[in-house]
Protein chains: 2
Amino acid sequence: MIVRVLKYAILGLLYRQEYSGYDITSQFKKEIGQFWSAKHSQIYPELRKLVDEGLLHFRTQIQGEKLEKKMYTITEAGRKELLEWALSPEPLPETEKDAFMLKMYFIHTLSQEEARILFENQLQQRQEKLVHLKQEYEQLIPLFGEENTSGAMHFDHPHLGHYLVLTKAIAREQSYVEWLKRHVHLLL
Amino acid sequence: MIVRVLKYAILGLLYRQEYSGYDITSQFKKEIGQFWSAKHSQIYPELRKLVDEGLLHFRTQIQGEKLEKKMYTITEAGRKELLEWALSPEPLPETEKDAFMLKMYFIHTLSQEEARILFENQLQQRQEKLVHLKQEYEQLIPLFGEENTSGAMHFDHPHLGHYLVLTKAIAREQSYVEWLKRHVHLLL
DNA sequence: AGTTACATGTAATACGTTACATGATTCT
DNA sequence: AGAATCATGTAACGTATTACATGTAACT
């Protein structure tokens, strides 16, 4: 079951608009970066590969005086392959890697105080991230449409994808924080 | 920030008892596999590397008539490096990859019905996994010690690590299921 | 006798990060 | 003038999966 998720992440980003390699790199630093990302050193070769495979094409655009940038567009073949992937049911990963939880599995290697410090550090980081994500959410309510108004979220809303990943990221961090809080007493 | 988490996963497993490469592979199929794992093709070369680095040594044991297996033990240097890693605060990953959520970000590529099928499929898989994890938890209550009895979980409990990863995996799946249930109405 | 589990390795390939390398444009 | 951002690429290395390869031991 070979997947090449980066391929589909790029095709998906180009589904609605054309982007440069740099733009794609930037997108992975925004909301979707919570669930998928790649460095520019992986993106540029992948873009070339997708062009070679006929799933993308590009035009060269001049920025300012002479800075060339390549604007990529998805082809019909690209849309077809994207749809095929998007439609396929996603199996659960056997392992969702989490180095902090690996350390917790080996908690007996630490003293109670050492474990407590590590645990409270993780709690603080997760809480800070949660605050940050909630702030992002609050700022985007006007874009999403407030609850119980004519602008509420619905399937055809242009920012449904954004809304889903943000609420999911918040749920993930909320759950992490609650689990940490529920179990910190074991280390006190 | 070079990490080599597999190295520490192996050292951690060997902290309390000796294991063969096969045993380590088996451990990654049990509870810790929720948060870290590796295939035998990655484990065997890593074990060799750790021996070369003086963090492990092994003795050859005969199983049955002539089947040789290598039983690995952690060295003092190995314990030292493991502790160093275990003590270091774990930074949050920027990205926690989730291909299903990537598909949800691109939900506008699908029809409402296609999206609903995908979403309900994920909900079912996550619910099944949650049931399975809860069953594991129920079976382990005697090992963990029931709540509000003299056998309740505490820092020195020999299965605290196991308890933590199981409760965390349950929390993760519970949160996933709840998020899916909270948002499925957008696709109906 | 046949199947499953135990047991160990290597080869080829794919995926991902860090470092190397260069230059233009925009903002302060 | 200097810093941050925009812009694109390659090289080296590390991590991880799939496939190849072989053989023993235990269970039914």
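Lettering of chains follows the sequences in order, A, B, ..., and the numbering in each one begins at 1.
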Q: Would you mind reading off the distance between B:Trp36 atom CH2 and D:dA16 atom C1', rounded to a whole angstrom?
A: 10 Å
Q | A:Leu6 CG - C:dA14 C1' separation (whole Å) | A | 12 Å
Q. Cut-off 3.5 Å, side chains only: do A:Glu128 and A:Gln124 have a donor facing an acceptor?
A. yes
Q. To the nearest angstrom, how far is A:Lys97 atom NZ from D:dT17 atom C1'?
A. 10 Å
Q | Pairwise 5' ranking along DNA chain C for B:Gly21 and A:Gly64, keeping only the more 5' one | A | B:Gly21
Q: Using atom CZ of B:Phe58 as one end and atom C1' of C:dG9 as the other, report the distance to the nearest whole Å.
A: 13 Å
Q: Would you indicate which nucleotide in D:dA7, D:dA25, C:dT10 comes nearest to any side-chain atom of B:Leu67?
A: D:dA25
Q: For A:Lys39 and for A:Glu65, find the nucleotide of DNA chain C with the closest heavy atom, then tell me which residue's nucleotide is more 5'.
A: A:Lys39
Q: Choose from C:dC15, D:dT8, C:dT8 the nucleotide whose nearest atom is closest to any side-chain atom of A:Arg4.
A: C:dC15
Q: Output the single nucleotide from C:dA24, C:dC6, D:dT10 whose closest atom is nearest the side chain of B:Tyr22.
A: C:dC6
Q: Report the distance from atom NE2 of A:His40 to atom P of C:dC15, rounded to the nearest whole Å.
A: 19 Å
(Q) Just to verify, which of A:Gln125, A:Arg126, A:Gln34 counts as forming a side-chain hydrogen bond (donor to acceptor under 3.5 Å, both in side chains) with A:Glu173? (A) A:Arg126
Q) Hey, does the side-chain of B:Ser41 have a donor or acceptor N/O within less than 3.5 Å of a partner on the base of D:dT18? A) yes
Q. Just checking, any donor-acceptor pair under 3.5 angstrom between side chains of B:Ser20 and B:Asp23?
A. yes
